[in-house]
*Asks:* 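Before anything else, here's the structure in question.
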Amino acid sequence: MFKRLKTRAWLAGLVIALGALLVWLGPGGPQPTAIDPEAQAQEPGHVLENAEITLFGDDGKIMQSLKTPRLIHTPQLNDTWAEEPRAVLYDSDSRQWLANADEGTLNTATQELVLTGSARLTAPDEGWQLDTQELHYDGLHRHAWSETPVMLQQPPQQMTASRMDAWLDDSRVRLTDNVRGIHPPTTQR
Amino acid sequence: QPDAAPQQAPVEVEADRLDLDQRAGTAVYTGNVEVRQGEMQLRGERVEIQRNDAGELSRATSTGERAYLRHQAQNQDTPTEGWARRIIYHVAERRVELIDQAELIQRQDTFNGGRLEYFIDREVIQARSDVDGSEPQRIRMTLQPEE
């Protein structure tokens, strides 16, 4: 009799101990974890396909537009990543300059565009085209620049350099460092 | 008929910087500028190039203290060398103007004056004393007697 009581008491103690262990391991229901603001800021807001973004100046004039087969926009950062972007840049005379690359990021607040991977800037009105690896464009000041080697082609002449600046409104281009030019000569007719 | 090859050779330029102004239609190289076309070489601190309607290079104006010219004619042992504050290379005519403190050395003969003209393919040198915007600079020639 006594032995049976002892077994029962031992079993009850075991059950109580297990229960205490479970409570200790998994106290209560789901804990309210604090939202990490930094992580939230990185979260893309919109993913769009075959999209076009157009940015206007304060005066309502179109500044730049960008077409892309796929874009990811993160509103909190005003940041838009675009795949194979094709941009049209407008200067103060509303002339169009074309820019494209493998990928690009556009800050819709500062209007800065960064194109990377086989980046190309084309000036149809002036008949020249510039190729580089990374092209920056400040939409507010309409200044394009690159700090990676560039090749400027304005047939029949061709120039290369270590870096480049272009001021769209003034139609001025500056090539800097290791500048090489090849100019076919006028020949006597 | 002079060998046509040099005329057709592309003009190659090396420099620290190039400024293209599409509106003004100018292209200016600055900083250790070196221009080469075949056996002809031009150096200066600043070289402005002009192009014709087809975009071909028609004129290169080099300035410096002083700009330098070198041409190694195929049938000559020594190159013709020239210095001046302004050297203008007229590409189609293969003619070079050396203006202001101009000096040319061809074989052992030396020429100094305000303005010298050098016809590359004919190897002819003409000298004048007038210089735009400056006092005339007398012409001096030192010709070595044939041995």
Side-chain angles (χ1 to χ4, degrees), chain A residues 89-98 121-132 142-189, chain B residues 1-40 42 46-62 89-96 119-122:
Chain A
L89 316 174
Y90 294 82
D91 66 20
S92 52
D93 294 335
S94 298
R95 292 183 313 166
Q96 293 184 4
W97 304 61
L98 312 177
L121 176 63
T122 307
D125 283 16
E126 293 168 6
W128 58 258
Q129 159 191 310
L130 181 129
D131 291 290
T132 187
R142 293 188 278 272
H143 169 217
W145 75 92
S146 170
E147 290 175 0
T148 50
V150 300
M151 173 187 286
L152 177 67
Q153 295 177 77
Q154 185 172 36
Q157 62 181 4
Q158 170 182 307
M159 290 78 81
T160 58
S162 299
R163 58 160 293 148
M164 148 277 182
D165 290 89
W167 293 273
L168 274 52
D169 292 351
D170 309 332
S171 295
R172 280 188 309 115
V173 177
R174 170 171 294 166
L175 301 185
T176 309
D177 296 341
N178 302 309
V179 180
R180 298 281 182 283
I182 296 177
H183 305 270
T186 308
T187 46
Q188 271 154 335
R189 303 264 182 255
Chain B
Q1 178 63 22
D3 174 10
Q7 277 89 312
Q8 261 81 43
V11 176
E12 296 180 15
V13 187
E14 288 184 23
D16 296 336
R17 195 169 93 184
L18 167 62
D19 283 292
L20 294 164
D21 187 327
Q22 304 293 335
R23 290 209 170 131
T26 59
V28 178
Y29 286 94
T30 50
N32 306 304
V33 187
E34 188 159 321
V35 178
R36 278 191 309 278
Q37 183 190 35
E39 294 305 324
M40 209 276 302
L42 193 55
R46 180 182 188 279
V47 173
E48 179 162 354
I49 61 172
Q50 261 92 27
R51 297 186 303 139
N52 63 12
D53 296 340
E56 296 158 339
L57 179 64
S58 55
R59 194 170 66 188
T61 303
S62 175
Y89 173 38
H90 300 271
V91 178
E93 303 151 44
R94 300 279 284 164
R95 174 172 67 97
V96 181
F119 295 84
I120 296 176
D121 297 324
R122 286 188 287 134

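Proteins get letters first, then strands, A, B, ... in listed order; numbering begins at 1 in each.
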*Asks:* Heavy atoms only: give me the nearest Pro185(A)-Ala9(B) pair and the separation to one decimal.
*Replies:* CG-O, 3.3 Å
*Asks:* Does the pair Asp19(B)/Arg174(A) count as a salt bridge with the N-to-O cut at 4.0 Å?
*Replies:* yes
*Asks:* Please round to the nearest 0.5 Å and tell me the distance separating atom CG of Asp170(A) and atom CD of Gln22(B).
*Replies:* 12.0 Å
*Asks:* Which heavy atom of Ile182(A) sits nearest to which heavy atom of Pro10(B), and what is that distance?
*Replies:* CG2-CB, 4.0 Å
*Asks:* Checking Asp16(B) against chain A: side chain, backbone, both or neither under 4.5 Å from a heavy atom?
*Replies:* backbone
*Asks:* Does any part of the side chain of Leu152(A), heavy atoms only, come nearer than 4.5 Å to the side chain of Leu20(B), both counted from C-beta?
*Replies:* yes
*Asks:* Using heavy-atom distances under 4.5 Å, tell me whether Asp165(A) contacts chain B through its side chain, its backbone, both, or neither.
*Replies:* neither
*Asks:* Check each atom of Trp167(A) against the heavy atoms of chain B and say whether the ones under 4.5 Å are side chain, backbone, both or neither.
*Replies:* neither
*Asks:* Check whether Asp177(A) gets within reach of chain B through its side chain, its backbone, both or neither, counting any heavy atom under 4.5 Å.
*Replies:* both
*Asks:* Against Leu18(B), only a single residue in Thr176(A), Val179(A), Thr160(A), Val173(A) fulfils side-chain contact (heavy atoms from CB on, under 4.5 Å); can you say which?
*Replies:* Val179(A)
*Asks:* Between His183(A) and Val13(B), is there a side-chain heavy-atom distance shorter than 4.5 Å?
*Replies:* yes
*Asks:* Is Arg59(B) in contact with chain A via its backbone, its side chain, both, or neither, using a 4.5 Å heavy-atom distance?
*Replies:* neither
*Asks:* Identify which part of Gln37(B) has an atom lying under 4.5 Å from any heavy atom of chain A, answering side chain, backbone, both or neither.
*Replies:* side chain
*Asks:* Relative to chain B, which segment of Met159(A) carries a heavy atom at a distance below 4.5 Å: side chain, backbone, both, or neither?
*Replies:* side chain
*Asks:* Are the charged groups of Arg23(B) and Asp93(A) less than 4.0 angstrom apart, N to O?
*Replies:* yes
